[in-house]
There are 2 protein chains.
Amino acid sequence: MNIVPSKKKKKPTINDVANLAGVSKKTASRVLNNSPSVSDATREKVTAVMKKLNYVPDPQARGLAFKRSFIVGLVYDNPNVLYISDIQKGVLKACKGTGYELIMHPGDFNSEHLIEEVCDFATRARVDGIILLSPISQIDELAKRLENDQVPYVRISPKKIDIEEKTVISNDKLGAELMTEYLVSIGHRNIGFIKGPECNLSTEQKYQGFCKIMQKYNLPIQADLIIKGENTFESGIQSGNKLLAMKPNPTAIFASNDFMALGVMRAASMLNISIPEQLSIAGFDDSAIATVVWPDLTTIHQSAIQMGQMAANKLLVQLGSNNTNSNEVIEILPELVVRNSTKKAS
Amino acid sequence: MNIVPSKKKKKPTINDVANLAGVSKKTASRVLNNSPSVSDATREKVTAVMKKLNYVPDPQARGLAFKRSFIVGLVYDNPNVLYISDIQKGVLKACKGTGYELIMHPGDFNSEHLIEEVCDFATRARVDGIILLSPISQIDELAKRLENDQVPYVRISPKKIDIEEKTVISNDKLGAELMTEYLVSIGHRNIGFIKGPECNLSTEQKYQGFCKIMQKYNLPIQADLIIKGENTFESGIQSGNKLLAMKPNPTAIFASNDFMALGVMRAASMLNISIPEQLSIAGFDDSAIATVVWPDLTTIHQSAIQMGQMAANKLLVQLGSNNTNSNEVIEILPELVVRNSTKKAS
DNA sequence: TGCCTGACTGACACCGGTGTCAAAACACTA
DNA sequence: TAGTGTTTTGACACCGGTGTCAGTCAGGCA
């Protein structure tokens, strides 16, 4: 006798199911896909066998036949790790239960081959569609290429809204308005503002929101109180130093993101300026670091999680997924979060 | 005449390549896979056609035929976002150029179906192997199941090293030794230590490292100066308050991670204890937040990026990928990073 | 010249599912 | 009972690649 035990138990295929249930492969497939044209008796029989064999269809084979991969890609190159992971969380939330998985695909914003590279990734049939994060989402040429190659995509925070169904933006203008309104309401008149990098819708919007409220209260917008930053901690320090060297000192500084706000804080503490007694500091984003410093940061809460979720939902719609996810996000509204880095102007 | 223009240009298949090159499908496939048994003339011809058609093989079809998906999964449930994204970066770095992609798969550590769920994910042939992050990596039963189901996997920071090729751990003990040695060397004798949560190899190792150095210098390890934390900012505040209520005050506090260290900082600043003048604070991990607070945090740099990279490399080896990535990580050594939250004991 | 060898090549089945379309089974009418 | 329409089913090709194995062809040797 020749005993060759096969340790490795093979995964059951749809053929196994069909044979054991005494139906054809195709009928088994029908049951798998909830086709209505299967008699209840057959459906039950097949379902029972599937359960018994612990059958799970092979996604590769399905994908090949369906010409779908049931995978979405997240393309990013953003130094802000917290932002990415929040977006990621939102996307995963939206994907949950839809059978879609998420592939992370970092890209190099400064590479001249970026467009090629991303298109390659997207058309290799590896993913059914992609979500582009800022700043990559701002490359209009890339969007055009994707449009041309008929790759489903959604852009988060592009320069401008092009196609509604393929865009998710946050209401940054409103956020900036909320913050400015608040700062003014507690008595600040001399407010420094740190912008983000240029060529960025978000940057522009925040600035506009700021200006709008200043004008509303007939407050002057002094050119030298508007500093251009780079959204980084370091640029926050630099901008802070510039602003704090001015006479008269601004009583409040509103930075376009939390990292820069923390930079200002650092600059202030090195100049022995106490916060919030002598200077109020406000950020934007309410990232995880906002509560980890002391004093903790007054900021605008922008749910990146919701943005990711919304983007994924929009993408799934394009993919024709019967998205039964009820927790759909309709609009993302900024919220003012007052903490201890701001105080009434004395 | 009946003109029905087909706008959608189909992606070229291997058949197209073969036809245009005047060879068989199989030969084209051979060229694709760098099979040695193809004559140079043929190879050139086919390669030229591929380039001309801008042909890219369909990963689904390849996967189906190869019984491989060329995707690895990262399974995690860790509140520490910075850690995850560093690991992720490392994994992606290792995958780069190997043709492998990364799927993110969050799991619920507290779910009773976790094991089933993860096994399902792994065996659905969706991924070729998975990398488990702490705390999920610490579930030995899960590892046993994966072993049984013959799913390639690597665990990062499990409770103990089981199978060398499937484990990546950081040298936490050495890290704690470095930090303790440093604190002692600048004159601290009365050092508070905040442990991480129990049932964690890492927690235990750090504690051992701390004790080893204290004993080396014949310093007493006072039980009430050892506090158990939860690795969160909040637990850092609580632990800090406990330690700072003691008489005599410790002159230095060494927290097992940066979040807790920041918590201590916060506790100290609420008690008007100045840092580092009256109290030195040290963390562990050198996460991105360490440099964003003031004073910035003295900590131990543990490259999570390297850990991710190492884990991915080990996984790729299991998958038999001829990993030509030369930037292989051999060992991950902790580094002491001295910043401004610590100072000579007065 | 004839045979043997080794380097290349291609026909065909297969991976595990799905689409198409015709056939079978059933129900209902005339 | 035959005829018609509707539901349910299965045979077969196909998705886009790869493995197997036999066949072709040129060069070396007797």
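Below, each value reflects all heavy atoms present in this structure, side chains not excepted, and no hydrogens, waters or symmetry copies. Chain letters run A, B, ... following the sequence lines, proteins first, then strands; residues in each count from 1.
Among the nucleotides D/dT18, D/dG16, D/dT9, the one closest to any side-chain atom of B/Asn33 is D/dT18. In the set C/dG10, D/dT18, C/dC15, the nucleotide with an atom closest to the side chain of B/Leu32 is D/dT18. The side chain of A/Thr42 approaches D/dT8 more closely than any other nucleotide in the set D/dT8, C/dT20, C/dC15. In this structure, of C/dC15, C/dG16, C/dT18, it is C/dC15 that holds the atom nearest to the side chain of B/Ala65. Closest approach to the A/Lys67 side chain among C/dT20, D/dT20, D/dC15 is made by D/dC15 (side chain taken as heavy atoms from C-beta onward).
Between the side chain of B/Lys25 and the base of D/dG16, no donor-acceptor pair of N or O atoms lies under 3.5 Å. With hydrogens and angles ignored, a donor-acceptor pair closer than 3.5 Å exists between the side chain of B/Arg30 and the base of C/dG10.
If you check every strand for non-hydrogen atoms under 4.0 Å, A/Ser39 touches sugar and phosphate atoms only.
Note: CG (B/Asn19) to P (C/dA11) measures 11 Å, nearest angstrom. When the P atom of C/dG16 is taken as reference, atom CZ of A/Phe66 falls 17 Å away, rounded to whole Å.
Remark: the B/Tyr153 side chain and the B/Arg145 side chain contain no N/O donor-acceptor pair separated by less than 3.5 Å.
Salt-bridge check for B/Arg155 with B/Asp140: passed, with a basic side-chain N closer than 4.0 Å to an acidic carboxylate O.
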